[in-house]
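Structure provided below as structure tokens; questions to follow.
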Amino acid sequence: MNILGIETSCDETAAAVVRDGREVLSNVVYTQIPLHQPYGGVVPEIASRAHVEKISKVVNTAIAKFRETAPGGRIDEVAVTYGPGLSPALIVGLNAAKGIAMSLGVPLVAINHIEAHLHTPFLRDAGDPAPAALAPESAMPAVGLAISGGHTVWFDMPEYGVYRTLGQTLDDAAGEAFDKAAKLLGLGYPGGPKIDRIAKKALGASELIPFPKGHPREGVSALAGLPADLCVSFSGLKTALLRHVQQHPELLSPPADAPTLEYAEGQSVTREVARVVASYQEAIVQAVADRTRRVLGRRKCRSLILGGGVSLNSRLRDVLSDVAARAGVELLMARPKYCGDNGAMIAGLAYYRRNITGEDAMRIDVAPSLEVG
Ligand code: KG4
Ligand code: ZN
């Protein structure tokens, strides 16, 4: 079965065609990052407008590439993200998907963006000779960690398509924590990839600053019944960084002779900024690793499934590989190109997750605060 997946929940206009939930036949992502960069974050109205401008081209290109990869193939269904995400952005994809499903005369499936991120390790490119990862059914029971710009949540997945929240962030998501720090340090948007690169250069070079490791206070109402030791809170870390920057004004206005470190071609920061960045990243990575270790210690499971933009972080990938190996579970991570937002994860999950289809999907509205489950 060939499913066309459409994704417009944030700042990527994306469409893909996936065969039988796993084999990616085409995948087109138009990123709006340059449009939002001057504002230091995603501006919903700009995102919506850019989705409107690009959606037809992106979908048509995905269909054309699918026809090249699978001559004579037909689209059997259309799948689309209906939440969570930015309302004006989601509306564009949902309306386009309803129209395309109607014009092709095929059913529509409405998909949860966060659940879809957890499907990414199961995607593979058509014709890729690399051995296929476990099938979703064989990876169960699993613990899922969705870690992105909007979410940081640990799920119990006793079987594929069943998600029970075990722990989560009580405030900022990990990606948001990366992005806010980068903004404060004048590194630009999005912050995660830059912080990753800078920290990689700086790691081991100097002593790390002991930033707080995201422990929430016991009994706070935001826990909403979840155990505090399986949750994270990044607001204290953010405040600690702000205080550190205020106490060290030379970080933002360095002396001319401050030693620097080049982290990408033509891009450099002072060594002291690099040390702050590496320390901040390490605090987030260790907070996430610590809760993951605990979750795995309490659950008998076969695999740890990682999904979301922050799962691209090289330090997080290394540390979680070690955590999973020690717990005796297999770590399933997506290829880098499927970590960020894309249509393949929507089309892929739609093959397995059949809860909102047909007339229900045609009538559905966007759900910006949609929860998993
Ligand atoms: O999944 P995603 O593309 O969009 C959401 O659903 O939120 O995730 C975007 C987030 C951004 O916050 C971005 O800074 C972060 O993922 N990110 C990273 C890295 N690459 C992207 N964070 C840390 N290290 C990275 N290498
Ligand atoms: Zn996402």
Side-chain angles (χ1 to χ4, degrees), residues 5-14 16 27 29-33 36-37 40-42 44 47 80-86 89-90 93 111-121 123 144-153 168-169 172-185 187-201 203 234 237-238 263-264 277-278 280-289 306-320 333-346 348-349 368-370 372:
I6 296 175
E7 153 65 39
T8 64
S9 67
C10 190
D11 59 351
E12 260 92 33
T13 316
N27 182 45
V29 180
Y30 163 73
T31 181
Q32 305 175 358
I33 285 175
H36 300 287
Q37 249 155 3
V42 179
V80 64
T81 307
Y82 75 107
L86 302 169
L90 288 163
I111 290 293
N112 179 313
H113 179 90
I114 304 306
E115 293 178 2
H117 269 306
L118 293 176
H119 187 70
T120 54
L123 295 173
L145 166 56
I147 183 159
S148 69
H151 290 80
T152 300
V153 198
Q168 63 185 7
T169 177
D172 290 350
E176 208 176 345
F178 278 120
D179 295 340
K180 285 181 176 168
K183 193 171 180 181
L184 178 66
L185 293 167
L187 300 172
Y189 173 83
K194 286 205 174 177
I195 289 184
D196 190 357
R197 252 183 258 141
I198 295 170
K200 209 189 273 177
K201 291 267 173 180
L203 264 185
F234 292 124
L237 170 64
K238 212 171 50 189
Y263 64 92
V277 161
Y280 187 87
Q281 172 179 280
E282 196 59 15
I284 294 177
V285 168
Q286 291 306 333
V288 172
L306 198 55
V310 181
S311 69
L312 269 175
N313 186 272
S314 52
R315 177 74 182 143
L316 185 70
R317 285 172 99 99
D318 284 353
V319 171
L320 288 184
M333 297 188 286
R335 309 237 157 119
K337 69 172 170 181
Y338 297 125
C339 287
D341 294 345
N342 63 82
M345 66 185 196
I346 307 302
L349 181 62
S369 310
L370 183 66
V372 167

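Counting convention: from 1, in listed order, for ligands and their atoms alike. The model shown is predicted, which means the values in this text are computed figures rather than measured ones.
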Check whether any side-chain heavy atom of Pro84 lies under 4.5 Å from a side-chain heavy atom of Asn112, and answer yes or no.
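Yes, side chains in contact.
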
Might you point out which heavy atoms bring Val319 and Ala289 nearest each other, and give the distance in Å?
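Scanning both residues, the minimum pair turns out to be CG1-CB, 3.5 Å.
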
Before signing off on this row, confirm whether Pro190 and ligand 1 have an N or O atom pair separated by under 3.5 Å.
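No.
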
Kindly determine whether Phe178 and Lys194 satisfy side-chain contact (heavy atoms from CB on, under 4.5 Å), including the steps that lead there.
CA-CA 9 Å; Phe178 278 120; Lys194 286 205 174 177; over 6 Å; no

May I ask which of Gly307, Gly192, Ala116 has a heavy atom nearer to atom 18 (C) of ligand 1 than the others do?
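The option holding the nearest heavy atom is Gly192.
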
Quick one: which ligand 1 atoms are inside 4.0 Å of a heavy atom on His117?
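Answer, ordered by atom number: 1 (O), 6 (O).
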
Atoms in ligand 1 flagged as close to Leu312, the criterion being non-hydrogen separation under 4.0 Å
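Every atom of ligand 1 under 4.0 Å from some heavy atom of Leu312: 20 (N), 26 (N).
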
Please name the atom of His113, limited to N, O or S, that comes nearest to the Zn ion (ligand 2).
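The nearest such atom is NE2.
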
Check if His113 has a non-hydrogen atom at a distance under 4.0 Å from any atom of ligand 1.
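Judged by the 4.0 Å heavy-atom criterion, His113 does count as contacting ligand 1.
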
With heavy-atom distances below 4.5 Å as the criterion, would you say the side chains of Met345 and His113 are in contact?
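The answer is yes; the side chains approach within 4.5 Å.
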
So which atom in Ala14 and which in Val29 form the shortest heavy-atom distance, rounded to 0.1 Å?
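Scanning both residues completely, I find the closest heavy atoms to be CB-CG2, 4.2 Å.
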
Among the N, O or S atoms of Asp341, the one nearest the Zn ion (ligand 2):
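Of the nitrogen, oxygen and sulfur atoms in Asp341, the Zn ion (ligand 2) lies nearest to OD1.
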
Is there side-chain contact between Leu187 and Ile198, with at least one heavy-atom pair below 4.5 Å?
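Leu187 vs Ile198: side chains touch.
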
Decide yes or no for Asp341 and His117: does some side-chain heavy atom of the first lie under 4.5 Å from some side-chain heavy atom of the second?
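Counting from C-beta outward, Asp341 and His117 do come under 4.5 Å.
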
Polar contact flag for Gly149 and ligand 1 (N/O pairs, less than 3.5 Å):
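Such a contact does occur with ligand 1.
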
Is there a side-chain contact between Asp196 and Gln281 (heavy atoms, below 4.5 Å)?
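A side-chain contact under 4.5 Å exists here.
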
Using a 3.5 Å cut-off on N or O atoms only, is Asp196 in polar contact with ligand 1?
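Yes, at least one N or O pair falls under 3.5 Å.
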
Minimum-distance protein heavy atom relative to atom 24 (N) of ligand 1:
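Ranking protein heavy atoms by distance from atom 24 (N) of ligand 1, first comes Asn313 ND2, 3.0 Å.
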
For atom 15 (C) of ligand 1, what is the closest protein heavy atom, and at what distance to 0.1 Å?
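Here the closest protein heavy atom is Val310 CG2, 3.9 Å.
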
Does Pro193 reach ligand 1, in the sense of a heavy atom lying below 4.0 Å from it?
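Pro193 counts as a contact of ligand 1 under the 4.0 Å cut-off.
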
Under 4.0 Å to a heavy atom of Asp179 - the qualifying atoms of ligand 1, by number:
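Near Asp179, meaning under 4.0 Å from one of its heavy atoms, ligand 1 has 11 (C), 12 (O), 13 (C), 14 (O).
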
Taking 4.0 angstrom as the limit and counting only heavy atoms of Gly175, give me the atoms of ligand 1 inside it, by number and element.
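Atoms satisfying the 4.0 Å criterion: 12 (O).
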
Atoms of ligand 1 less than 4.0 Å from Phe178 heavy atoms?
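Heavy-atom distances to Phe178 below 4.0 Å select 22 (N), 23 (C).
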
Do any heavy atoms of Arg197 fall under 4.0 Å from ligand 1?
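Flag not set, Arg197 not near ligand 1.
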
Show the atoms of ligand 1 that are less than 4.0 angstrom away from any heavy atom in Gly150.
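Taking each heavy atom of Gly150 in turn, ligand 1 has 7 (O) under 4.0 Å.
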
Does Ser314, backbone or side chain, put an N or O under 3.5 Å from an N or O of ligand 1?
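N/O-N/O distance under 3.5 Å: no.
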
Under the 3.5 angstrom rule, does the side chain of Thr8 hit a backbone N or O of Ala89 as a donor-acceptor pair?
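Judged by distance alone, yes, a pair lies under 3.5 Å.
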
Is there at least one pair of N or O atoms, one from Gly309 and one from ligand 1, spaced under 3.5 Å apart?
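Checking ligand 1 against Gly309, an N or O pair does fall under 3.5 Å apart.
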
Candidates Val310, Leu316, Leu306, Leu118 - the one meeting side-chain contact (heavy atoms from CB on, under 4.5 Å) with Leu145
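Going through Val310, Leu316, Leu306, Leu118 one by one, the side-chain contact (heavy atoms from CB on, under 4.5 Å) with Leu145 is satisfied by Leu306 alone.
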
Is the distance from the Zn ion (ligand 2) to the nearest N/O/S atom of His117 under 2.8 Å?
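So His117 does bind the Zn ion (ligand 2) by this criterion.
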
Working note: Val153 + Val372, criterion side-chain contact (heavy atoms from CB on, under 4.5 Å); need CA distance, chi angles, decisive distance, verdict.
CA-CA 10 Å; Val153 198; Val372 167; over 6 Å; no

Closer than 4.0 Å to some heavy atom of Gly340 - which atoms of ligand 1 meet that?
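By the 4.0 Å cutoff, the relevant atoms are 3 (O).
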
Test side-chain contact (heavy atoms from CB on, under 4.5 Å) applied to Glu12 and Ile33, step by step:
CA-CA 8 Å; Glu12 260 92 33; Ile33 285 175; 4.3 Å; yes

What part of Asp341, side chain, backbone, both or neither, has a heavy atom within less than 4.0 angstrom of ligand 1?
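Both backbone and side chain.
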
Between Val288 and Ile147, is a side-chain contact (heavy atoms from CB on, under 4.5 Å) present by the stated rule, with each step listed?
CA-CA 9 Å; Val288 172; Ile147 183 159; 3.8 Å; yes

